[in-house]
Chemist: 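Encoded as structure tokens, here's the structure I'll be asking about.
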Amino acid sequence: MNVYDSELVSTLLEKSGYTECKDLRDADAIFLNTCSIREKAEDTVNNRLTNFKHLKRKNPNLIIGVLGCMAQNLKNDLLESKPWVDVILGPDSYRRLPEILDERKNNLDHLVDTRLSRFEVYEDMFPNRRDGINAWISISRGCDKFCTFCIVPFTRGRERSRLIAGIISETKQAVADGFQEITLLGQNVNSFRTPEGDFPDLLKAVAAVKGVSRVRYTSPHPQDIDDRLLQVMKDHENICNHIHLPLQAGSDRILKRMNRTYSQKEFLNLAEKIRLYLPDCAISTDIIVGFPGETEEDFLQTLNVIRQVGFDSAFMFKYSSRPGTKAAEYTDQIPEDIKQSRLERLIELQKNVSLIANQKQIGNILQVIVEKESKKSTRQWAGRTEGNCWVVFDKGNEQINDIINIKITDARGITLFGERIYEEVQV
Ligand code: SAH
Ligand code: SF4
């Protein structure tokens, strides 16, 4: 989401006559697009801002700005602790940037705008995308789910959807610019709702755009996945056989305290239903360990669900208390050493579960888009499967962006290895 927002901001500034420079020391203005999801993300931004102080000392005219969720969330802290920050803009105020830069030349006051909007979706602004395979397209902003651990509903405001027509134009533009893969983005991508249609309607329309090789979406909320969505995925070859399905926790008690709105049983049934509609569908997830009040028994239930579903991959986090959220007020916070040891146990289990899922692919022929040179060898390419798994293989006469068939020969860690198959195969 932040990559997309940074692309938006960069487009806005380019349209107003500014150009991007590669070296910070050459810049007249530096904007940091920020994230508040966990304390660690905020620490990273604070460290970078501290480094910028020296740049400002060398160039007093340099404008330093903080954009996005931290601007929204911590404006007073930032103004107090980092007086060298000139501009603070929340996620709904990016349109003001060119005007603010112009104004700033005559006015040296701090500029703060963190008003949240019920309407802003940056409808008419197609971002300049960097080279690559995948084009992110934001289809909605904000979130109304209010999971008790999460800061997003506070920093990004109320949920609002773009119009289907605008998303389709942006998809056509991305295809014309050479992008093979489209990823539809939203905090709750599948609660997308407009007078023209809902998420399954949108997905169908994007998949029908000529030249779209692959469509993905992230992140759906389990509560909003229905039969229609699964049927649309089944009906369209170019919608990737992959669902990112955030579980967060396995115990009903913790799920309830998190306000996730589904039980363990409902989640397991959903995973089963997904595989009924889409037999080889890759399922990935997000897990939080050490949520307030999580007992060893609760944690074991999370491990159990992971074993039962057999997720292909997972993003795993220690709970990070976010001031202002409901869970931050719970008095039964879990000590750091317990969170750390649960995280390590979880990672160890998921490593094995991913390996088992990947080993099942050995012998299969998978469609891969050639994406970049492998990190380990200049003689090999790396590309992703429909299930979003990296595959490494020897270079032949293919180029980056080609869609090819790879026969999987090995699985190590979270990576697959294979060799190119030249004859036509049914995928
Ligand atoms: N809207 C998405 C999640 C966006 S945030 C969804 O509902 O799935 C991405 C992930 O960050 C979440 O799925 C969650 O696992 C994690 N996360 C969010 N708040 C967190 C917190 N306070 N501490 C630790 N992890 C958190
Ligand atoms: Fe946060 Fe996602 Fe829950 Fe919304 S649905 S509150 S973004 S975790």
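One-based numbering, in listed order, for ligands and for the atoms of each. All values derive from a computational prediction rather than experimental measurement.
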Chemist: Please state which part of F149 comes within less than 4.0 Å of ligand 2, counting heavy atoms only: side chain, backbone, both or neither.
Modeler: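 The answer is the side chain.
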
Chemist: Which ligand 1 atoms does I288 reach within 4.0 Å, using its non-hydrogen atoms?
Modeler: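 Once the distances to I288 are compared, the set is 14 (C), 15 (O), 17 (N), 25 (N), 26 (C).
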
Chemist: Are any of the N/O atoms on Q248, whether in the backbone or the side chain, positioned under 3.5 angstrom from an N/O atom of ligand 1?
Modeler: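 Min N/O separation from ligand 1 is below 3.5 Å for Q248.
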
Chemist: Provide the number and element of each atom of ligand 1 under 4.0 Å from a heavy atom of K318.
Modeler: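 Near K318, meaning under 4.0 Å from one of its heavy atoms, ligand 1 has 23 (N), 24 (C).
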
Chemist: Within the 4.0 Å heavy-atom shell around P153, which atoms of ligand 2 are there?
Modeler: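 Ligand 2 atoms under the 4.0 Å threshold to P153: 6 (S).
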
Chemist: Among all protein non-hydrogen atoms, which one is nearest to atom 5 (S) of ligand 2, and what is the separation to 0.1 Å?
Modeler: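 Going by distance alone, atom 5 (S) of ligand 2 is nearest to N188 ND2, 3.4 Å.
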
Chemist: Examine C147 and say whether one of its N/O/S atoms is closer to atom 4 (Fe) of ligand 2 than 2.8 Å.
Modeler: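 So C147 does not count as coordinating atom 4 (Fe) of ligand 2.
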
Chemist: What class does the angle between the rings of F317 and F315 fall in, given that below 30° is parallel, 30 to 60° is tilted and above 60° is perpendicular?
Modeler: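 Answer is parallel, since the angle falls under 30°.
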
Chemist: Relative to ligand 2, is S219 under 4.0 angstrom through side chain, backbone, both or neither, heavy atoms considered?
Modeler: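 Near ligand 2, S219 shows nothing, with every heavy atom at 4.0 Å or more.
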
Chemist: Would you call R260 a ligand 1 contact, heavy-atom distance under 4.0 Å?
Modeler: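 So R260 counts as touching ligand 1.
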
Chemist: Looking only at protein heavy atoms, identify the closest one to atom 10 (C) of ligand 1 and say how far it is in Å.
Modeler: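 For this ligand atom, the closest protein heavy atom is D286 OD2, 3.4 Å.
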
Chemist: About how many Å separate CG of L49 and CG of L78, when rounded to the nearest 0.5 Å?
Modeler: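 Between L78 CG and L49 CG, I get 6.5 Å after rounding to 0.5 Å.
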
Chemist: Starting from atom 5 (S) of ligand 1, locate the nearest protein heavy atom and write down its residue, its atom name and how far away it is, to 0.1 Å.
Modeler: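 The protein heavy atom lying closest is I37 CD1, 3.5 Å.
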
Chemist: Number the atoms of ligand 1 from 1 as they appear, then name those within less than 4.0 Å of a heavy atom of R38, with their elements.
Modeler: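 Heavy-atom distances to R38 below 4.0 Å select 11 (O), 16 (C), 17 (N), 23 (N), 24 (C), 25 (N), 26 (C).
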
Chemist: Check the side chains of N259 and K326 for a donor-acceptor pair under 3.5 angstrom, ignoring hydrogens and angles.
Modeler: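 Distance-only check fails for K326 and N259.
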
Chemist: Taking only heavy atoms of R260, which atoms of ligand 2 are found under 4.0 Å from at least one of them?
Modeler: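 Numbered from 1, ligand 2 contributes 3 (Fe), 8 (S).
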
Chemist: Could you check whether Q72 and T155, counting side-chain N and O atoms only, form a donor-acceptor pair closer than 3.5 Å?
Modeler: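 Per modelled atom types, T155 and Q72 side chains form no pair under 3.5 Å.
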
Chemist: Starting at CG of L230, measure out to CG of L276 and round the result to the nearest 0.5 Å.
Modeler: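 That separation rounds to 9.5 Å.
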
Chemist: Looking only at protein heavy atoms, which one is nearest to atom 4 (Fe) of ligand 2, and how far off is it?
Modeler: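 Among all protein heavy atoms, the one nearest atom 4 (Fe) of ligand 2 is C143 SG, 2.2 Å.
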
Chemist: What protein heavy atom sits nearest atom 8 (O) of ligand 1, and how far off is it?
Modeler: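 Atom 8 (O) of ligand 1 sits closest to the protein heavy atom P246 CG, 2.9 Å.
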
Chemist: From the options F291, F315, Y319, F149, select the one whose nearest heavy atom is closest to atom 20 (C) of ligand 1.
Modeler: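 Residue with the shortest heavy-atom distance to the ligand atom: F149.
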
Chemist: Could E371 and R384 be called an ion pair, given the rule that one side-chain N must be under 4.0 Å from one carboxylate O?
Modeler: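 Between R384 and E371 there is a salt bridge, with a charged N closer than 4.0 Å to a carboxylate O.
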
Chemist: Below 4.0 Å from any atom of ligand 1, is there a heavy atom belonging to N188?
Modeler: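 It does not; every heavy atom stays at 4.0 Å or beyond.
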
Chemist: Measure the CD1-CG distance between I64 and L55 for me, rounded to the nearest 0.5 Å.
Modeler: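 I64 CD1 to L55 CG: 6.5 Å, rounded to 0.5 Å.
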
Chemist: Just how far is it from atom CG of N269 to atom OH of Y262, taken to the nearest 0.5 Å?
Modeler: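 The distance works out to 13.5 Å.
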
Chemist: How far does CG of D201 sit from CG of L203, to the nearest 0.5 angstrom?
Modeler: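 CG of L203 is found 9.5 Å from CG of D201.
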
Chemist: Look at atom 22 (N) of ligand 1 and say which protein heavy atom is nearest, naming residue and atom and giving the distance to 0.1 Å.
Modeler: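 For this ligand atom, the closest protein heavy atom is S320 O, 2.8 Å.
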
Chemist: Are any side-chain N or O atoms of R141 and backbone N or O atoms of P91, one a donor and one an acceptor, separated by less than 3.5 Å?
Modeler: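 Present.
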
Chemist: Strictly under 2.8 Å, is atom 3 (Fe) of ligand 2 approached by any N, O or S atom of C150?
Modeler: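 No, outside the cut-off.
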
Chemist: What atoms in ligand 2 come closer than 4.0 Å to a heavy atom of F146?
Modeler: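 Close to F146: 6 (S).
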
Chemist: In terms of side-chain heavy atoms, does Y122 have a donor or acceptor partner in D5 at a distance below 3.5 Å?
Modeler: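 Note: Y122 and D5 side chains miss the donor-acceptor criterion.
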
Chemist: Of the side chain and backbone of Q187, name the one, both, or neither that has a heavy atom under 4.0 Å from an atom of ligand 1.
Modeler: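 Both backbone and side chain of Q187 come within 4.0 Å of ligand 1.
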
Chemist: Could you walk me through whether R260 and Q223 pass the side-chain contact (heavy atoms from CB on, under 4.5 Å) test, one step at a time?
Modeler: CA-CA 8 Å; R260 282 299 286 184; Q223 181 196 326; over 6 Å; no

Chemist: Which atoms from ligand 1 have a heavy atom of R322 less than 4.0 Å away?
Modeler: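 Taking each heavy atom of R322 in turn, ligand 1 has 22 (N) under 4.0 Å.
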
Chemist: Could you measure the distance from the CD atom of Q350 to the CG atom of D312? Nearest 0.5 Å is fine.
Modeler: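 Nearest 0.5 Å value for the CD-CG distance: 8.5 Å.
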
Chemist: Who gets closest to atom 7 (S) of ligand 2 by heavy atom: Q187, R156, Q223?
Modeler: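 The nearest heavy atom belongs to Q187.
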
Chemist: Hey, does H244 sit under 4.0 Å from ligand 1 if you only count heavy atoms?
Modeler: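 Per 4.0 Å heavy-atom rule, H244 does not contact ligand 1.
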
Chemist: Is the NZ or CZ atom of R193 both under 6.0 Å from the centre of the six-membered ring of F199 and within 45° of that ring's axis?
Modeler: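 Checked: cation-pi criterion not met.
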
